[in-house]
Novice: 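Take this structure, written in structure tokens, and hold onto it; I'll ask about it next.
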2 protein chains.
Amino acid sequence: MVATLGTRARILDVTSRLMMRQGYEGTAVKQIATEARVALSSVYHFFPGGKQELATAAVRHADEHFAQMLRDALATKDDPADAVVALAWVVAEYLRDSGWQDGCPITATALETLGRIPPIQQAVEEAFERWRGLVAEKFQLAGIAEQEARDLAHTVISTLEGAELAAQVSRSAEPMTIAGRHLSRLVNTYR
Amino acid sequence: MVATLGTRARILDVTSRLMMRQGYEGTAVKQIATEARVALSSVYHFFPGGKQELATAAVRHADEHFAQMLRDALATKDDPADAVVALAWVVAEYLRDSGWQDGCPITATALETLGRIPPIQQAVEEAFERWRGLVAEKFQLAGIAEQEARDLAHTVISTLEGAELAAQVSRSAEPMTIAGRHLSRLVNTYR
DNA sequence: AGCCAAGTGGAGCGAACGTTCCATCCAGAG
DNA sequence: CTCTGGATGGAACGTTCGCTCCACTTGGCT
């Protein structure tokens, strides 16, 4: 049913965008319904588990979307150090284009619900694990040993995550470009 | 008036702790008053600007507290690479001791209110700037050039920030220890 | 044509939200 | 002792929250 998929997808899109900017508690179900041009009852029709189920699904939705962005950015360069710089650059563009309003799509929701809404925390954990996996895979293909590649991926994701926040707060791409430069330097020490 | 100072300080302590764990929207003024064992009217007596003024003050309060922790950790080692490892270690201990519930005291509030409550955003910006300044100062004292020290401080704070989140989500100190190791390696490439 | 399930619209629930108001309390100044 | 102003306790405000319910419309099947 095309209309069904369209409506459901629209709800998820709006939810992940709003929760990215306002967090979990700061986003009302009514606002989601309004901005998605959908009846409030439809939200509960598609997500009978209510706000928690909706938020969990939105985290997974954003996870896939962000992972695709990472894949595309990593694929533009063969050299792992160059790829990391490209990663930082793509993310920086994405932040700037939103007027520094958008950042990591799940961080705000994650921080608010940590230890209080387990299904959301698990979805966040899986998202981070997937993103690290993409980076680690790139490093291994470039000849970096498995354990080192995994550890590097940890730091790459952590650093980008923190730099995103710093860039948003200061409304400047500088934290991202600096992070990209330092990360590529770090990666280069492993070959 | 000792009691007055005590009450005000108690409100700020509770507010910063609650907002760290639940964010801005997720923390009710009534809950703050209850946990601080203070009358609700007292909260508005000390912070006539309401929740926004209270949150702004709480961010500044947490800023000072966290800065002191950074200062202490940095002072334990002379070598800048060792100091960064100590930093990561101290933060990791702090996270673990809270059962992975506490993290950076201002990140959750910052993300939720970005671009929507300017005074809070400014307080967050000043906090990050202060923390970076402490790290940069340490690097300069160790003979690293000013510009390089400042850039490194950017990445150190960003990486620790991101690693904190990863550690909280995965309930493991591993992201912090990996971050510390990589950051010290990065710092060592600058001498 | 008749039917059934998917999806909509809108009213309404109790609870919790931020905030206000004011009577009261109490320590220190005169 | 009285006076006074900072601080408190408690009730109450209008609004919004997440969520439920149900009559209704709609589009694809037999």
Side-chain angles (χ1 to χ4, degrees), chain A residues 1-59 61 108-109 112-113 116-121 123, chain B residues 1-59 108-109 112-113 116-120 123:
Chain A
M1 225 159 279
V2 179
T4 297
L5 289 175
T7 301
R8 214 190 109 100
R10 199 143 25 92
I11 293 173
L12 283 180
D13 268 340
V14 168
T15 303
S16 61
R17 199 188 72 237
L18 286 179
M19 288 200 177
M20 164 174 62
R21 299 189 180 189
Q22 318 174 11
Y24 176 80
E25 302 284 356
T27 302
V29 180
K30 264 195 176 112
Q31 185 187 10
I32 293 170
T34 301
E35 297 210 8
R37 280 164 295 120
V38 155
L40 177 62
S41 52
S42 299
V43 174
Y44 288 94
H45 176 76
F46 286 106
F47 304 93
K51 196 181 184 183
Q52 296 196 2
E53 180 186 342
L54 176 55
T56 307
V59 166
H61 186 257
T109 302
E112 261 182 310
T113 61
R116 296 191 300 136
I117 307 180
I120 296 183
Q121 174 163 358
Chain B
M1 223 160 278
V2 179
T4 297
L5 289 175
T7 300
R8 215 191 108 101
R10 199 141 26 92
I11 293 173
L12 282 181
D13 269 341
V14 169
T15 303
S16 60
R17 199 188 72 237
L18 286 179
M19 288 201 176
M20 164 173 64
R21 299 189 181 188
Q22 319 174 7
Y24 176 81
E25 301 284 356
T27 302
V29 179
K30 271 200 171 105
Q31 186 188 9
I32 292 169
T34 301
E35 297 210 7
R37 281 164 295 121
V38 156
L40 178 62
S41 52
S42 299
V43 175
Y44 287 93
H45 175 77
F46 286 105
F47 303 93
K51 196 181 185 184
Q52 297 197 1
E53 181 186 340
L54 176 55
T56 307
V59 166
T109 302
E112 261 182 310
T113 60
R116 296 191 300 133
I117 307 180
I120 296 183

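Numbered from 1 within each chain, the chains take letters A, B, ... in sequence-line order. Reckoned from all heavy atoms, side chains included, excluding hydrogens, waters and symmetry mates.
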Novice: Within this structure, what is the CG-to-P distance between B/Leu18 and C/dG18, rounded to whole angstrom?
Specialist: 12 Å

Novice: In whole angstrom, what separates B/Arg37's CZ from D/dA7's P?
Specialist: 18 Å

Novice: Measuring from atom NZ of B/Lys51 to atom CG of B/Leu54, what distance do you get when rounded to the nearest 0.5 angstrom?
Specialist: 9.0 Å

Novice: Rounding to an integer number of Å, can you tell me how far B/Glu25 CD sits from D/dG18 P?
Specialist: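 To the nearest whole Å, that distance equals 11 Å.
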
Novice: Roughly how far apart are A/Ile11 CD1 and A/Phe46 CZ, rounded to 0.5 Å?
Specialist: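 Those atoms lie 6.0 Å apart.
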
Novice: What nucleotide, of C/dG18, C/dG12, C/dG9, holds the atom closest to the side chain of A/Lys30?
Specialist: C/dG12

Novice: Summarise how protein sits on nucleotides 20-25 of chain C as a single string, 5' to 3': B when a protein heavy atom is under 4.0 Å from the base, S for sugar-phosphate-only contact, - for no contact.
Specialist: BB----

Novice: Can you tell me the distance, in whole Å, between the CE atom of B/Met19 and the C1' atom of C/dG18?
Specialist: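 Nearest whole value for this atom pair: 12 Å.
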
Novice: Considering only distance and modelled atom types, tabulate donor-acceptor pairs under 3.5 Å from the side chains of residues 27-41 of chain B, sequence neighbours left out.
Specialist:
| residue | atom | partner | partner atom | Å |
| --- | --- | --- | --- | --- |
| B/Thr27 | OG1 | B/Leu18 | O | 3.4 |
| B/Thr27 | OG1 | B/Gly23 | O | 2.8 |
| B/Gln31 | NE2 | B/Glu35 | OE2 | 3.4 |
| B/Thr34 | OG1 | B/Lys30 | O | 2.9 |
| B/Glu35 | OE1 | B/Arg17 | NH2 | 2.9 |

Novice: Between A/Gln52 and A/Tyr24, does the side-chain contact (heavy atoms from CB on, under 4.5 Å) criterion hold? Intermediate values first, please.
Specialist: CA-CA 9 Å; A/Gln52 296 196 2; A/Tyr24 176 80; 3.4 Å; yes

Novice: side-chain contact (heavy atoms from CB on, under 4.5 Å) between B/Thr56 and B/Phe47: does it pass, once the steps are laid out?
Specialist: CA-CA 10 Å; B/Thr56 307; B/Phe47 303 93; over 6 Å; no

Novice: I need the CD1-P distance between B/Ile32 and C/dG18, as an integer number of Å.
Specialist: 8 Å

Novice: For A/Phe46 and C/dA5, what is the distance between atoms CZ and C1' respectively, to the nearest whole Å?
Specialist: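 The distance from CZ of A/Phe46 to C1' of C/dA5 comes to 13 Å, rounded to the nearest Å.
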
Novice: For the side chain of A/Thr7, counting heavy atoms from C-beta on, which of D/dG18, C/dT8, D/dA7 is nearest?
Specialist: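 Given the options D/dG18, C/dT8, D/dA7, the side chain of A/Thr7 is closest to C/dT8.
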
Novice: What nucleotide, of D/dG18, D/dA7, C/dT8, holds the atom closest to the side chain of A/Ala28?
Specialist: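 Out of D/dG18, D/dA7, C/dT8, the nucleotide with an atom closest to A/Ala28's side chain is D/dG18.
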
Novice: Rounded to whole Å, please give me the gap between CZ in A/Arg10 and C1' in C/dT8.
Specialist: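 Roughly 13 Å, once rounded to whole Å.
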
Novice: Checking side-chain contact (heavy atoms from CB on, under 4.5 Å) for the pair A/Gln121/A/Thr113: CA distance, chi angles, key distance, verdict?
Specialist: CA-CA 7 Å; A/Gln121 174 163 358; A/Thr113 61; 5.7 Å; no

Novice: Please report the distance, rounded to the nearest Å, between CZ in A/Arg8 and C1' in C/dA6.
Specialist: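 Computing the A/Arg8:CZ to C/dA6:C1' distance gives 14 Å.
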
Novice: Measure the spacing between CE of A/Met20 and CD of B/Glu112 and express it to the nearest 0.5 Å.
Specialist: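 Result: 14.0 Å between the selected atoms.
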
